Visitor: 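After the structure tokens below, expect a handful of questions from me.
Residue numbers run from 1 in the order of the sequence given. Because the structure is a prediction, the values reported are computed rather than measured.
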Amino acid sequence: MAGLRVGPLLRYVDWESGGSATVWVEADRPCTAEVRCEDGAQGTARTFQIAGHHYALVQVTGLTPGTTTAYEVLLDGRRVWPLKGSPFPASTIRTPDVPSDGVTVSFGSCRWSAAPRGGHDPVGPDALDTLAAKLAADPTAVRPDVLLLLGDQVYADETSTATRAWLAARRDLREPPGAEVADYEEYTRLYDESWLDPEVRWLLSTVPSCMIFDDHDVIDDWNTSASWLAEMRETAWWQERILSGLMSYWVYQHLGNLSPAELESDKLYAAVQASPDGTDALRRFAAEADLDPACVRWSYRRDFGRTRLLMVDTRAGRVLEEQRRAMLDADEARWLRDQVRDGRGSATGSGHGSAAGSGHGSGQLPGAGTGRGPTADSLPGSGSGPYDHLLIGTSLPWLLPPLIHDAESWNAALCRGERGDRWARFGEDLRRRADLEHWAAFPDSFAKLAALIAEAGSGDDAPATVCVLSGDVHHAYVAEPEWPGPAPEARVLQLTCSPVHNSIPRPIQLGFRFGWSRAGRRLGHALARHGRTGRPPVHWERTGGPWFGNQLMTLALRGRSAVLRLDQAQTVAGAAGSASGAGTRLVTADERELTANGDPSHSGG
């Protein structure tokens, strides 16, 4: 009798027709997984096997646009979800009206698994747990249409006390990699611990999610430099770690990002499904992706009506050679440019149907869907372009506090030899110790992204907003760039929100605040002069924050209007919640209109 190990997770919901969705599950043995909806929509899928684990991605069809329907999950005909005695409401699939005039997007990053039930939580209440408690307790509460998880969904290098005890029962923790995860089975433990948290489990079953990795999904400072990677490859444990990290990411996070059309054209997914055991095929793919990152695309595109999301991999596909360092390799940068331009009247490029739908090499993981959304003139109140809002999801912030930006670009200059070999050695040591590996540490990539954003926000068919959504830095802020020449017509913002459930030491908090100050800017300018870096192509100011705590940002995008809200999870005496969420609530720390009928205005901050 098959049982449900992990899930269900509601992943892709179709915004073109509103008629389909995908639900991810992990079972404890081979079986047929089935999703049945209250309105009669359904789907089935046979599980596939990876390293003794059994997964299915069920495509649900026959959904009615603009409706919400409860669903249940059956394994070999036996209902396994909802769980018996669950205190949560029924899991539902909500489909958009077609055509849709708006979308609500919540996002954040960096989530340690929640503390054991009833145990002390040293980093405070989990923002996802608290959101789940709010939605479960109040059916009228505004629910996100999609949840963007921008990296560090699991921490392979910072395991919990319970996981360390579990690891110690498997192997000798005195041997590398010690209390960090070592193989695929240990990665599955991290997802069990994180996604079986009752509140988060229910939340992910009823709110669609899009995900991308960051460094801790594999290891801190993953791909920070060529010398770092060479040293890691010399260790006895790294090969198994990186292959298992990529394999588990493909299974647990990446597959659910893809549309049914992309899944159908994915050769690896087809091979895994067709095999009694897909472990070897997936392992070969992971090995190829590790040796030649250009053979796979982890980035992807989603169109939510007239909002376009481009989720960009800023970890696996880096070019690390010091003299040609790049956050994105040439093909990945071309893909991003094509997706920004697709459908724009004056733009050139291969367009969504070609570049977006083709994979790289033998793995053939497609980067985005091949279908097109509603035409520009089919939606009420729409502009002349293909989208009213462009969201660029990148786990690492494009715009950092100015001092930190200058320190990273200075460090990059030292490491490539601008001040000689001794400074280069010092620079590499500092880069690793201080985590100097954001966009600013790849100056050419920073400048190219600035130029692409300016292009995206300009022209007669410019969107109302271009927002870079990021996490990683364990605090939240809003920053806005200024161009030395003509400014884009769109309002451009860096929206950074982190952590969902983690902490930041007080001295680092003070360092981030200092990084925005006048004194910090002057120090940054001195570093830039020493490194001969020149000035960045844009100037920017912080217009909101910094905010510290466990938190989520939400964008409400309707037509060409945009409203931003920051909610923080706080412990409140006597607050209402769900089964274990009592005593916490989401408190709005900031809310502001980014555009109102196309005109920017501020409130809060």
Visitor: Let me confirm one number: the CG-CG distance from Leu336 to Asp313, rounded to the nearest 0.5 Å.
Guide: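 Answer rounded to 0.5 Å: 11.5 Å.
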Visitor: For Arg164 and Thr159, indicate whether the former's side chain and the latter's backbone hold a donor-acceptor pair under 3.5 Å.
Guide: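 Judged by distance alone, yes, a pair lies under 3.5 Å.
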Visitor: I need the minimum non-hydrogen distance between Pro176 and Trp237, along with the two atoms involved.
Guide: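 Smallest interatomic distance, heavy atoms only, reads CB-CD1, 3.5 Å.
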Visitor: How far apart are the closest heavy atoms of Cys210 and Val146, and which atoms are they?
Guide: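 Cys210 and Val146 have their closest heavy atoms at SG-CG2, 3.9 Å.
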Visitor: Could you tell me if the side chain of Phe446 sits less than 4.5 Å from the side chain of His405, heavy atoms only?
Guide: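 They are in contact (side-chain heavy atoms under 4.5 Å apart), so the answer is yes.
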Visitor: Heavy atoms, side chains only, cut-off 4.5 Å: are Leu391 and Phe107 in contact?
Guide: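 Leu391 does not reach Phe107 side chain to side chain.
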Visitor: What's the separation between atom OG in Ser259 and atom CG in Asp14, rounded to the nearest 0.5 Å?
Guide: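 With rounding to 0.5 Å, OG (Ser259) is 8.5 Å from CG (Asp14).
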Visitor: Hey, does the side chain of Thr22 reach the backbone of Leu57 with a donor-acceptor pair shorter than 3.5 angstrom?
Guide: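 No, the answer is negative, given that no donor and acceptor are paired below the 3.5 Å cut-off.
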Visitor: Do His54 and Asp28 have side chains that approach each other closer than 4.5 Å (heavy atoms only, starting at C-beta)?
Guide: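 A side-chain contact is absent here, since even the closest heavy-atom pair is not under 4.5 Å.
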Visitor: Count the heavy atoms belonging to other residues, nucleotides or ligands that lie under 6.0 Å from CD of Glu185, then report whether that count exceeds 12.
Guide: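 Atom CD in Glu185 is crowded, with more than 12 foreign heavy atoms closer than 6.0 Å.
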Visitor: Hey, can you pull the donor-acceptor pairs under 3.5 Å for the side chains in residues 415-422, sequence neighbours left out?
Guide:
{"residue": "Arg419", "atom": "NE", "partner": "His530", "partner atom": "O", "Å": "2.7"}
{"residue": "Arg419", "atom": "NH2", "partner": "His530", "partner atom": "O", "Å": "3.1"}

Visitor: Is there a side chain to side chain contact (heavy atoms under 4.5 Å, CB included) between Asp329 and Trp335 once you walk through the steps?
Guide: CA-CA 10 Å; Asp329 66 34; Trp335 174 88; over 6 Å; no
Visitor: Can a donor-acceptor pair be found, under 3.5 Å and without considering hydrogens, that links the side chain of Asp157 to the backbone of Glu180?
Guide: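 Checking the backbone N and O of Glu180 against the side chain of Asp157, no donor-acceptor pair under 3.5 Å is found.
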Visitor: Please check this pair: side chain of Thr47 against backbone of Cys31, looking for a donor-acceptor N/O pair closer than 3.5 Å.
Guide: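 Looks like yes, one N/O pair under 3.5 Å.
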Visitor: Between Gln59 and Glu264, is there a side-chain heavy-atom distance shorter than 4.5 Å?
Guide: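 When only atoms from C-beta onward are counted, Gln59 and Glu264 do not touch, as no gap falls below 4.5 Å.
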Visitor: Does any donor atom in the side chain of Asp129 or His501 lie under 3.5 Å from an acceptor atom in the other side chain?
Guide: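 Side-chain D/A pair, Asp129 to His501: absent.
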Visitor: Taking atom types as modelled, find out whether Gln253 and Tyr191 have a side-chain donor-acceptor pair closer than 3.5 angstrom.
Guide: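 On atom types as modelled, these side chains qualify, holding a pair under 3.5 Å.
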Visitor: I'd like to know whether Arg283 forms a salt bridge (Lys or Arg N to Asp or Glu O under 4.0 Å) with Glu240, so could you lay out the CA-CA distance, the side-chain angles of the two residues, the decisive distance to 0.1 Å, and finally the verdict.
Guide: CA-CA 10 Å; Arg283 190 175 179 85; Glu240 188 60 38; 2.7 Å; yes
Visitor: Walk me through it: do Asp406 and Thr533 pass the test side chain to side chain contact (heavy atoms under 4.5 Å, CB included)?
Guide: CA-CA 9 Å; Asp406 286 337; Thr533 65; 5.6 Å; no
Visitor: Are side-chain N/O atoms of Ser395 and Thr314 paired as donor and acceptor at under 3.5 Å?
Guide: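 Ser395 vs Thr314: donor-acceptor pair found between side chains.
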Visitor: With a 3.5 Å distance limit and no angle check, can you tell me whether Ser470 reaches the backbone of Thr394 through a side-chain donor-acceptor pair?
Guide: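 The answer is yes, because a donor-acceptor pair under 3.5 Å joins these two groups.
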Visitor: If you count heavy atoms of other groups shown closer than 6.0 angstrom to CZ of Arg324, is the number above 12?
Guide: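 For Arg324, atom CZ is not crowded (no more than 12 foreign heavy atoms under 6.0 Å).
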Visitor: Name all residues meeting the salt bridge (charged side-chain N to carboxylate O under 4.0 Å, His left out) criterion together with Asp220; count only those two or more places apart in sequence or in a different chain, and write none if there are none.
Guide: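 Asp220 satisfies salt bridge (charged side-chain N to carboxylate O under 4.0 Å, His left out) with no residue once adjacent residues are dropped.
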Visitor: Answer yes or no: is there a donor N or O on one side and an acceptor on the other, between the side chain of Arg11 and the main chain of Ser209, under 3.5 Å?
Guide: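 Yes, the answer is positive, given that a donor and an acceptor are paired below the 3.5 Å cut-off.
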Visitor: Taking all atoms of both residues into account, what is the closest heavy-atom pair of Met553 and Ala476, and its distance?
Guide: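 Minimum heavy-atom separation between Met553 and Ala476: CE-CB, 4.2 Å.
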Visitor: When Phe213 is tested against each of Trp250, Tyr155, Trp222, Tyr187 for ring pair (Phe, Tyr, Trp, His ring centres under 6.0 Å), which residue passes?
Guide: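 Output: one option passes, namely Trp222.
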Visitor: Identify whether the distance between the nearest side-chain nitrogen and carboxylate oxygen of Arg318 and Glu437 falls below 4.0 Å.
Guide: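 Salt bridge flag = yes for Glu437 with Arg318.
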Visitor: Give a yes or no on whether a salt bridge exists between Arg325 and Asp444, defined as a side-chain N under 4.0 angstrom from a carboxylate O.
Guide: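 No.
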Visitor: Rounded to the nearest 0.5 Å, what's the gap from CD1 on Ile242 to CG on Leu291? Could you check?
Guide: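 Going from the CD1 atom of Ile242 to the CG atom of Leu291 covers 10.5 Å.
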Visitor: Do Asp214 side-chain atoms and Leu396 backbone N/O form a donor-acceptor pair below 3.5 Å?
Guide: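 Absent.
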Visitor: Report yes if some heavy atom in the side chain of Leu150 is under 4.5 Å from a heavy atom in the side chain of Met311; otherwise report no.
Guide: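 Side chain of Leu150 against side chain of Met311, heavy atoms only: contact under 4.5 Å found.
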Visitor: Check for a donor-acceptor pair, side chain of Thr279 on one end and backbone N or O of Ala51 on the other, with a separation under 3.5 Å.
Guide: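 Answer holds: yes.
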Visitor: Go through the steps for Arg171 and Asp183 under the test salt bridge (Lys or Arg N to Asp or Glu O under 4.0 Å), then give the verdict.
Guide: CA-CA 11 Å; Arg171 55 181 171 85; Asp183 58 25; over 6 Å; no
Visitor: Over 60° means perpendicular and under 30° means parallel, so tell me whether Trp238 and Trp228 are parallel, tilted or perpendicular.
Guide: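 Perpendicular, since the angle between the ring planes exceeds 60°.
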Visitor: Could you work out, with side-chain hydrogen bond (donor to acceptor under 3.5 Å, both in side chains) as the rule, every residue matching Arg111, not counting sequence neighbours?
Guide: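 Scan of Arg111 (side-chain hydrogen bond (donor to acceptor under 3.5 Å, both in side chains), adjacent residues dropped) gives Asp126, Ser194.
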Visitor: Calculate, to the nearest 0.5 Å, the distance between atoms CG and CG belonging to Asp435 and Asp215 respectively.
Guide: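 Atom-to-atom, Asp435:CG and Asp215:CG are 7.5 Å apart.
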Visitor: Keeping the roles fixed (side chain from Ser503, backbone from Val123), state whether a donor-acceptor pair exists under 3.5 Å.
Guide: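 No, Ser503 side chain to Val123 backbone: no donor-acceptor pair under 3.5 Å.
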Visitor: Below 4.5 Å, heavy atoms only, C-beta onward: do Met211 and Leu9 meet side chain to side chain?
Guide: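 Side chain of Met211 against side chain of Leu9, heavy atoms only: contact under 4.5 Å found.
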Visitor: How long is the gap from CG on Leu204 to CG on Leu149, to the nearest 0.5 Å?
Guide: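 Rounded to the nearest 0.5 Å, the CG-CG separation comes to 7.0 Å.
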Visitor: Do Trp298 and Asn257 come close enough that some side-chain heavy atom pair is under 4.5 Å?
Guide: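 Sidechains of Asn257 and Trp298: no contact.
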Visitor: Can you tell whether the side chains of Arg284 and Glu288 come within less than 4.0 Å, N to carboxylate O?
Guide: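 Judged by the 4.0 Å cut-off on N to carboxylate O distance, Arg284 and Glu288 do not form a salt bridge.
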Visitor: Take Tyr55 and Tyr252 through the test side-chain hydrogen bond (donor to acceptor under 3.5 Å, both in side chains) and record every step on the way to the result.
Guide: CA-CA 9 Å; Tyr55 310 95; Tyr252 285 84; 2.9 Å; yes
Visitor: Hey, are Glu332 and Arg297 close enough for a salt bridge, meaning a charged N less than 4.0 Å from a carboxylate O?
Guide: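 Here Glu332 pairs with Arg297 in a salt bridge, since their nearest N and O are under 4.0 Å apart.
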Visitor: Apply salt bridge (Lys or Arg N to Asp or Glu O under 4.0 Å) to residues Arg233 and Asp290 and explain how you reach the verdict.
Guide: CA-CA 11 Å; Arg233 285 176 170 170; Asp290 176 45; 3.6 Å; yes
Visitor: Would you call Arg189 and Asp192 a salt bridge, using N to O less than 4.0 angstrom?
Guide: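 Answer for the salt bridge query: no.
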Visitor: Does the side chain of Gln509 come within less than 4.5 Å of His475's, by heavy atoms?
Guide: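 No, their side chains stay 4.5 Å or more apart.
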Visitor: Under the criterion side-chain hydrogen bond (donor to acceptor under 3.5 Å, both in side chains), I'd like the reasoning laid out for Thr32 against Glu34: C-alpha separation, chi angles, the key distance, then a yes or no.
Guide: CA-CA 7 Å; Thr32 296; Glu34 181 179 3; over 6 Å; no
Visitor: For Thr188 and Val6, what are the C-alpha separation, side-chain angles and deciding distance, and is it a side chain to side chain contact (heavy atoms under 4.5 Å, CB included)?
Guide: CA-CA 10 Å; Thr188 69; Val6 182; over 6 Å; no
Visitor: Using modelled atom types and a 3.5 Å cut-off, is there a donor and acceptor pairing between side-chain atoms of Glu262 and backbone atoms of Pro260?
Guide: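 Here the side-chain-to-backbone pair does not exist.
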Visitor: Before giving the answer on salt bridge (Lys or Arg N to Asp or Glu O under 4.0 Å), spell out for Arg301 and Asp303 the whole-Å C-alpha distance, their side-chain angles and the decisive distance to 0.1 Å.
Guide: CA-CA 7 Å; Arg301 163 178 157 182; Asp303 285 347; 2.8 Å; yes
Visitor: If you take all heavy atoms of Met247 and Ala286, which pair is closest and at what distance?
Guide: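 Where Met247 meets Ala286 most closely, the heavy atoms are CG-CB, 3.8 Å.
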Visitor: To the nearest 0.5 angstrom, please state how far the CG atom of Leu552 sits from the CG atom of Leu128.
Guide: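 Interatomic distance, Leu552 CG to Leu128 CG, rounded to 0.5 Å: 5.5 Å.
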